[in-house]
Every structure is written in C-alpha cells, then in structure tokens.
Amino acid sequence: MRAGTAGAVGVLLGLLLTGCAGTSPADREEGALAAARAYVDAIAHRDPDAADAMTDPEAVEERFGSDRETDIRAALADAVDPIADPWVSLATATQDEDDREYELDVSWTIRGVVGGGVLRIRLEDGGDPAGVDDWLVTGPLLEGGDVYVPARRSRIGPTELEPSDGLASVAGYPGGYLAEPVVPSDDADPRPVVLGAPEAG
C-alpha cells in the first residue's frame, strides 16, 4: 500500500472512531446521568422553566389530560421548601447498542425528610450524549397530592386551585409549598403542602 493511500485510510479510520466514540454505551449512560442531574438541579433551584424545557410535552399532556389534577408546576418558583440534597443514580443500564432511553432513581429531602421518584430520559435521534440539550425527559418528576384549601378561593404560587368539599387535587414538581387564600383573610391561614415527601407534610 502506498504511503498516501495508507495515510488517507488512517485519517478515515480516525474520523470513524471519533464519530463512534460519542455513542458508546458508557458515554450514553454518563450523558443520561449528567442530563438527569441538570433536570433535578433545575427543580432544586426552583426553576420550572428550565425543567419544563427539558420535558417532553406529550408526557405533561398525558399527566394532566384528564383535568383530574391542577397543574402547579409554575408554583415551583414560589416553593418555600425546595428539594435539597438531590441524588441521581442509573436504574437501567445499556442492554444493546440501540438503547437510548434510561430510567434513573432520584432521591431528595424536603424539610429533612427523604423522598424520591423515578425519572425517564431519552437521547434524541442523532443526539450527542454529552449534550444536555440532546436529552428529553419522557417520565418527569411530577408528584401529586390532595390539598386542604384555607379558603374557597385559594392558590399555590400563581395557580388558583379548584377545590371540591374543601380539597383540591394538585400535581407539580417535588417541594414544599403554601396554599394561601387568593384574597388575604384574617381567619384563613396559609396551609403547608408537600409534594414528594409525604411524611414532611
């Protein structure tokens, strides 16, 4: 083989190996962990817009499509007790070369009480595992619960609740919130609401 041909083959082989390196199972698993940590950090820092931007809209629509629960994701910005000490670990590993979706176990504390959930995340077609923006949360951390409202018209953050017999069903990002009267009242005190660590309520 002539030197010029051997050099060209070497360059081509190098390019192929470089292109494949970013899609190895280890790289995808590490990318899934990094993207999941970014998503959980957004929740811990009370940034619902950042968490929403990483989430598949279809997953949100599926959760809230029945109108059974009031969506209070936007209230994360007003959470009085955001999640603390978040920890993310891989629950499912790569089984074959085509795997792009992973489940991760996530734990946190709210008011010192441990809570947790399961997060699903998928690498987009043709995406770079090292790029957080190339991952999509397909199973978001949306926790639900029933809220005793302090008044007929009550809210959590900017979201007005829809109570029935003094209770409202809500779902949102894990954290500690306050249910407050829409109109301040001397005889209706705010009530704590915890999503994602029931014993902390």
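Small disclaimer: the values here were computed from a predicted structure and weren't measured.
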Worksheet item: Under 3.5 Å, side chain of Trp108 to main-chain N/O of Gly196, donor-acceptor pair present?
Response: yes
Fill in: Step-by-step side-chain hydrogen bond (donor to acceptor under 3.5 Å, both in side chains) determination, Glu29 to Thr94
CA-CA 7 Å; Glu29 291 174 11; Thr94 300; 3.0 Å; yes
Worksheet item: Would Leu136 and Tyr39 show up in the same hydrophobic cluster when neighbours are defined by side-chain heavy atoms closer than 4.5 Å?
Response: no
Tabulate below the donor-acceptor pairs under 3.5 Å that side-chain atoms of residues 139-146 make, not counting sequence neighbours, or state none.
from, atom 1, to, atom 2, distance (Å)
Asp146, OD1, Ser169, OG, 2.7

Discussion item. If the condition is side-chain hydrogen bond (donor to acceptor under 3.5 Å, both in side chains), which residues does Glu101 pass it with, not counting sequence neighbours?
Written reply: Thr138
Item to complete: Report the residues that fulfil salt bridge (charged side-chain N to carboxylate O under 4.0 Å, His left out) with Arg46, sequence neighbours left out, ordered by chain and then residue number.
Response: none
Item to complete: Apply side chain to side chain contact (heavy atoms under 4.5 Å, CB included) to Arg28 and Leu123, showing your working.
Response: CA-CA 8 Å; Arg28 291 200 304 275; Leu123 180 64; 4.0 Å; yes
Item to complete: Output all residues satisfying side-chain hydrogen bond (donor to acceptor under 3.5 Å, both in side chains) with Asp85, sequence neighbours left out; order by chain, then residue number.
Response: Thr109
Worksheet entry | Inter-residue atom distance Ile83.CD1 - His45.NE2, 0.5 Å rounding | 10.0 Å
Practice prompt. Identify the two heavy atoms, one from Ala42 and one from Ala51, that lie closest to each other, and give their separation to 0.1 Å.
Written response: CB-N, 3.9 Å
Fill in: Heavy-atom side-chain contact between Pro86 and Asp41 under 4.5 Å
yes
Response to the item:
In short, salt bridge (Lys or Arg N to Asp or Glu O under 4.0 Å) pairs touching residues 151-160 with sequence neighbours left out are Arg153-Glu160, Arg155-Glu180
Practice prompt. Specify the closest pair of heavy atoms between Asp128 and Asp134, including all atoms of both residues, with the distance to one decimal.
Written response: N-OD2, 2.8 Å
Discussion item. Checking Tyr177 against Leu195 for the side chain to side chain contact (heavy atoms under 4.5 Å, CB included) test, could you report, in this order, the C-alpha distance in whole Å, the side-chain angles of both residues, the deciding distance, and whether it holds?
Written reply: CA-CA 8 Å; Tyr177 302 86; Leu195 300 179; 4.1 Å; yes
Worksheet item: For the residue pair Ala32 and Ile121, what are the closest heavy atoms and their distance?
Response: CB-CG2, 4.2 Å
Practice prompt. Any chance you could pull the hydrophobic cluster mates of Trp87, using side-chain heavy atoms under 4.5 angstrom and chaining through other members?
Written response: none
Discussion item. If hydrophobic residues (ILVMFWY) are linked whenever their side-chain heavy atoms come closer than 4.5 Å, directly or via other members, who joins Val114 in its cluster?
Written reply: none
Discussion item. Quick check: closest heavy atoms across Ala188 and Pro150, and the distance to 0.1 Å?
Written reply: CB-O, 3.4 Å
Worksheet, complete the sentence: CD of Glu162 to OG of Ser154, rounded to nearest 0.5 Å, is 12.5 Å
Worksheet entry | By side-chain hydrogen bond (donor to acceptor under 3.5 Å, both in side chains) - contacts of Ser107 (at least two apart) | none
Discussion item. Would a single hydrophobic cluster contain both Leu33 and Val132, if residues Ile, Leu, Val, Met, Phe, Trp and Tyr are joined by side-chain heavy-atom contacts under 4.5 Å?
Written reply: yes
Discussion item. If hydrophobic clusters are built from ILVMFWY residues whose side chains come within less than 4.5 Å, do Val113 and Leu178 share one?
Written reply: no
Worksheet item: Ile110 and Gly176: which non-hydrogen atoms are nearest, and at how many Å?
Response: CG2-N, 4.0 Å
Practice prompt. With sequence neighbours excluded, tell me which residues meet side-chain hydrogen bond (donor to acceptor under 3.5 Å, both in side chains) with Arg100.
Written response: Asp125
Discussion item. Which Ile, Leu, Val, Met, Phe, Trp or Tyr residues join Leu167 in one cluster when any pair of side-chain heavy atoms under 4.5 Å counts as a link?
Written reply: Tyr148
Worksheet item: More than 12 heavy atoms of other residues, nucleotides or ligands under 6.0 Å from CD of Glu124: is that the case?
Response: yes
Worksheet item: How many angstroms lie between atom CG of Leu104 and atom CZ of Arg37, to the nearest 0.5 angstrom?
Response: 9.0 Å
Worksheet entry | Check: Val170 and Leu161 side chains under 4.5 Å, non-hydrogen atoms | yes
Per-pair distances, 0.1 Å, donor-acceptor, side chain in residues 70-81, under 3.5 Å, sequence neighbours excluded:
from, atom 1, to, atom 2, distance (Å)
Asp71, OD1, Arg73, N, 3.0
Asp71, OD1, Arg73, NE, 3.1
Asp71, OD2, Arg73, NE, 3.0
Asp71, OD2, Arg73, NH2, 2.8
Arg73, NH1, Asp52, OD1, 3.1
Asp81, OD2, Arg111, NE, 2.8
Asp81, OD2, Arg111, NH2, 3.3

Practice prompt. For residues Pro129 and Trp135, report the shortest heavy-atom separation together with the two atoms involved.
Written response: O-NE1, 2.9 Å
Worksheet item: Do any N or O atoms from the side chain of Arg120 and from the backbone of Tyr102 form a donor-acceptor pair under 3.5 angstrom?
Response: no
Worksheet item: Among all residues two or more places apart in sequence or in another chain, which pass the side chain to side chain contact (heavy atoms under 4.5 Å, CB included) test with Asp133?
Response: none
